[in-house]
Amino acid sequence: MAYEGILLGMGNPLLDISAVVDEDFLNKYDIKLNNAILAEEKHLPMYDELAAKYNVEYIAGGATQNTIRVAQWMLQIPGATSYMGCIGKDKFGEEMKKNSKAAGVNVHYYEDETAPTGTCAVCVVGGERSLIANLSAANCYKSEHLKRPENWALVEKAKYIYIAGFFLTVSPESIQFVAEHAAAKNKVFMMNLSAPFICEFFRDAQEKALPYVDYVFGNETEARTFSRVRGWETENVEEIALKISALPKASGTHKRITVITQGSDPVVVAEDGKVKLFPVILLPKEKLVDTNGAGDAFVGGFLSQLVQEKSIDECVRAGCYAANIIIQRSGCTYPEKPDFK
């Protein structure tokens, strides 16, 4: 099987500015742990304060980009993955290009002349993280870039396409083009619920994409928000996963499979009207560095096996393996080689 360009991701490439902070910092900027939000006016001074007051690490991030990098790492096949998104023409953008190349991902960035490369503040307290994204250039992605022959070629080549829900705030039009292509060509199209605010405030865009989605990923908080917004009146994650799987589909080629992670609780997989639970690899608290990128890494591990046409059980096992590695390190980073058997 030819793996070149088999998996394509599209999303918001962000540079993570990561630091261990304190409760006072969280309260000052009104941020909650285990949440992901877009920066508002009140958050903007935070980025400089982080860099000035705390021991900061700069790590290439952005949800989809993390997932694609982890899948590439797990696959260990050069050029198996590709990625598109928008960066600025600046040193952070250069850093991002260098980082992705080193990771073996074939990146086709759209470079915006005016906006700086997007950043994401990662505030860590007790190993738990809160994400505050200042999209900047990432918000400037245009479907014109996608339609250029050299970029559309990546879409044509891919058999599996993954886009985090965060991209719904940037270019729903690009998502629609790719989703319709996937349905027409019987490809596998996958998305992530990504954050409660996406399920709540970008419901219309999410609703438009959902019929095309063959695999829905998310965590328990996002699943419960998804349920509440739709008036389903259930907090039960297994029930919600089943309901998501049963939502209408644009194409009958693939059934929809819903995969919901729950931190240290079992992973919920709903397909064909049935639910399976998969325990995760438990980690002693003292080994936890931070949960930043854990969900992204889970999807990356999962996709690394899915593109090899492995069973769902194997996909989940690889997802749990990758997430377990990432939470023992700062940000979405990994050792040189995986030892996944």
Which residues pass the side chain to side chain donor-acceptor pair (under 3.5 Å) test with [X], sequence neighbours left out?
X	value
Asn35	none
Ser136	none
Arg256	none
Lys276	Asp313

So, taking the atom named [atom1] in [X] and the one named [atom2] in [Y], what distance separates them when rounded to the nearest 0.5 Å?
X	Y	atom1	atom2	answer
Thr119	Leu135	OG1	CG	9.0 Å
Asp22	Lys28	CG	NZ	10.5 Å
Ile31	Arg129	CD1	CZ	12.0 Å
Leu33	Glu128	CG	CD	6.5 Å
Asn134	His43	CG	NE2	11.0 Å
Leu193	Arg224	CG	CZ	13.0 Å

For the pair [X] (side chain) and [Y] (backbone), establish whether a donor and an acceptor sit closer than 3.5 Å, ignoring hydrogens and angles.
X	Y	result
Ser227	Thr234	yes
Ser100	Met96	yes
Thr117	Gly88	yes
Gln328	Asn324	yes
Ser143	Leu146	no
Gln65	Pro13	no
Asp112	Thr114	yes
Gln76	Trp73	yes
Lys159	Leu7	no
Thr261	Gly263	no

Suppose the criterion is salt bridge (charged side-chain N to carboxylate O under 4.0 Å, His left out): which pairs have a residue in [range], not counting sequence neighbours?
range	value
residues 168-188	none
residues 30-45	Asp30-Lys42
residues 52-66	Glu49-Lys53

Can you establish whether the number of heavy atoms outside [X] located under 6.0 Å from its atom [atom1] is more than 12?
X	atom1	answer
Lys142	NZ	yes
Asn55	CG	no
Glu150	CD	yes

Check the orientation of [X] and [Y]. Use parallel for under 30°, tilted for 30 to 60°, and perpendicular for over 60°.
X	Y	result
Tyr109	Tyr83	perpendicular
Tyr58	Phe92	tilted
Tyr141	His145	perpendicular

Of all the heavy-atom pairs spanning [X] and [Y], show the shortest one and how long it is.
X	Y	answer
Leu50	Ala121	CD1-CB, 3.7 Å
Leu26	Val125	CD1-CG2, 3.8 Å
Tyr54	Val20	CD2-O, 3.3 Å
Met10	Ile163	O-CG2, 3.4 Å
Ile312	Tyr215	CD1-OH, 3.7 Å
Leu14	Ala133	CD1-CB, 3.9 Å

request  = Evaluate the criterion salt bridge (charged side-chain N to carboxylate O under 4.0 Å, His left out) for residue pair Asp214 and Lys255; output intermediate values, then yes/no.
outcome  = CA-CA 6 Å; Asp214 302 310; Lys255 55 190 177 185; over 6 Å; no

ask   = Is it true that Asp296 and Arg69 make a salt bridge, defined as a side-chain N closer than 4.0 Å to a carboxylate O?
value = no

message = Check Glu95 with Lys98, please: is the shortest side-chain N to carboxylate O separation under 4.0 Å?
response = yes

Under 4.5 Å side-chain linkage, directly or through intermediates, the cluster mates of Ile327 = Leu283, Leu288

query = Hydrophobic clusters join Ile, Leu, Val, Met, Phe, Trp and Tyr when side-chain heavy atoms are under 4.5 Å apart, directly or via other members; which others share one with Ile59?
reply = none

ask   = Centres of the Tyr321 and Phe340 rings: under 6.0 Å?
value = yes

task = Taking the six-membered ring for Trp and the full ring for Phe, Tyr or His, determine whether the centres of Tyr160 and Phe189 are under 6.0 Å apart.
result = no

ask   = With sequence neighbours excluded, what pairs up with Phe177 under the ring pair (Phe, Tyr, Trp, His ring centres under 6.0 Å) test?
value = none

Is there a path of hydrophobic side-chain contacts, each under 4.5 Å between heavy atoms, that joins [X] and [Y]?
X	Y	answer
Leu8	Leu168	yes
Val259	Leu247	no
Val170	Ile198	yes
Leu306	Val299	yes

request  = Quick one: do Lys91 and Glu94 satisfy salt bridge (charged side-chain N to carboxylate O under 4.0 Å, His left out)? Show the steps, please.
outcome  = CA-CA 5 Å; Lys91 75 169 200 298; Glu94 286 307 313; over 6 Å; no

Taking the side chain as every heavy atom from C-beta outward, state whether [X] and [Y] have any atom pair closer than 4.5 Å.
X	Y	value
Val275	Leu277	yes
Phe298	Val267	yes
Phe202	Phe166	no

inquiry  = Between Ser245 and Thr258, does the side-chain hydrogen bond (donor to acceptor under 3.5 Å, both in side chains) criterion hold? Intermediate values first, please.
reply    = CA-CA 6 Å; Ser245 284; Thr258 305; 2.7 Å; yes

inquiry  = Can you pull out every side chain to side chain donor-acceptor pair (under 3.5 Å) where at least one residue sits in residues 282-292? Sequence neighbours excluded, please.
reply    = Asp16-Asn292

key: Sequence neighbours excluded, every pair satisfying side chain to side chain donor-acceptor pair (under 3.5 Å) that has a member inside residues 188-208   = Tyr162-Asn192, Glu200-Arg228, Arg203-Glu207, Glu207-Arg230

